[in-house]
Structure formats: C-alpha cells, structure tokens
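Remarks on the structure that follows.
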Amino acid sequence: MNRSGFTLVEVIVAVVILLGVVLGITQLTARTIHTLTTSDRQLAAVQLVEDRLEQVRLDPDYAQLESSYGGTEYTFPSLPGFARTTQIVHVGGDGKGPDYKRITVSVTGPGLPAPVARTETVGAP
C-alpha cells in the first residue's frame with residue numbers, strides 16, 4: 001500500500017516552525033519601530049536644546065538673558081508632554097575675574113530614555 005501526503009505529526013511540526021519564524025519577525029519589527037520612535041523623539045529633544053542655546057547666543061541684551069529665557073516651557077504643539085528648562089547662572093562680573101553666564105538647557109518628555117541637556121558659557125560683550 002503506497003500512501004502519499006503528510007502525516008498529522010509532520011503538519012504540526014511544520015506549523016510550529018512557521019509560527020516560531022512569524023513570532024520572531026514580529027518581535028524584530030516591533031523592536032525596530034520602537035527604536036525609530038525613540039530616535040525621532042531624541043532628535044527632536046536635541047533640536048529643542050540647540051534652538052534655545054542659539055537664541056541665547058544671538059541675543060544682544062546680555063543683561064536680560066535670565067529674565068528673557070530662564071524658566072520652563074511646556075507648549076510644543078508637535079511634541080505634547082515635552083518640557084524645556086533653561087537655567088542661566090551669572091558667574092563673575094565682580095571686577096575680580098571675567099564676567100560670563102552659564103546656560104544649561106534640558107528637555108524632558110515621553111519616550112525619551114533620559115533628559116537631553118547641554119551647558120554652554122556666554123561671555124559678556
């Protein structure tokens with residue numbers, strides 16, 4: 001007697017192997033999407049930091065930097081939940097040393113693994 005076709009065991013083994021491959025591809029795709037989303041948010045946070053530092057550097061009113069830029073902002077329409085904090089510390093200027101200000105900008109938001117921060121120094125003109 002010559003039978004052709006697959007046995008039930010062979011079909012079950014093939015389905016289990018196929019299921020393992022499909023699950024592996026699904027997990028890899030989900031991880032890739034998560035990484036891309038995190039990278040986009042990280043890039044947006046870096047851009048927010050750089051934009052603020054550029055604004056401070058280009059402002060000709062050195063004496064008013066603290067009142068013009070110090071504080072926290074929450075209104076970023078394309079980035080809901082993000083917050084940008086700018087701290088400006090005046091260092092020196094007492095006649096004994098150089099007069100400069102230390103500017104620290106940090107951005108927090110959903111999807112960021114850690115806050116993005118950068119510190120820069122601006123000297124008096």
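Residue numbers count from 1 along this sequence. This one's a predicted model, so the numbers in the text were calculated from it and none came from an experiment. Values below: every heavy atom of this structure, side chains too, minus hydrogens, waters and symmetry copies.
For the atom pair OH (Y74) and OG1 (T85), the distance works out to 6.0 Å, reported to the nearest 0.5 Å. Between Y100 atom OH and T121 atom OG1 the span is 6.5 Å, to the nearest 0.5 Å.
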Could you give the side-chain donor-acceptor pairs of residues 10-23 under 3.5 Å, partners two or more places apart or in another chain?
from	atom 1	to	atom 2	distance (Å)
E10	OE1	T7	N	2.9
E10	OE1	T7	OG1	3.4

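What you find for P113 and Q42 is that their closest heavy atoms are CD-OE1, 3.4 Å. When all heavy atoms of F82 and F76 are compared, the pair lying nearest together is O-CD1, 3.7 Å. Nearest heavy-atom pair across G70 and I88 is N-CD1, 4.4 Å. Taking each heavy atom of Y69 and R52 in turn, the nearest pair found is O-NH1, 3.3 Å. For the residue pair V116 and V49, the shortest heavy atom distance occurs at O-CG2, 3.8 Å. Between L112 and V107, the shortest heavy-atom distance links the atoms CD1-O, 4.0 Å.
Legend: side chain to side chain donor-acceptor pair (under 3.5 Å) pairs involving residues 104-115, not counting sequence neighbours, sorted by first then second residue: T104-T119.
Scanning for side chain to side chain donor-acceptor pair (under 3.5 Å) contacts around Q27 gives an empty result, with sequence neighbours left out. Listed by chain and residue number, nothing satisfies the side chain to side chain donor-acceptor pair (under 3.5 Å) test with T26 (two or more places apart in sequence, or in another chain). For the side chain to side chain donor-acceptor pair (under 3.5 Å) test, residues two or more places apart in sequence or in another chain that qualify with E66 are K101. Considering only residues two or more places apart in sequence or on other chains, E120 meets the side chain to side chain donor-acceptor pair (under 3.5 Å) condition with R57, R118.
The closest side-chain heavy-atom distance from S68 to Q55 is not below 4.5 Å.
One N or O on the side chain of R84 and one on the backbone of L48 form a donor-acceptor pair closer than 3.5 Å.
If you check the side chains of Q47 and D51, you find a donor sitting under 3.5 Å from an acceptor.
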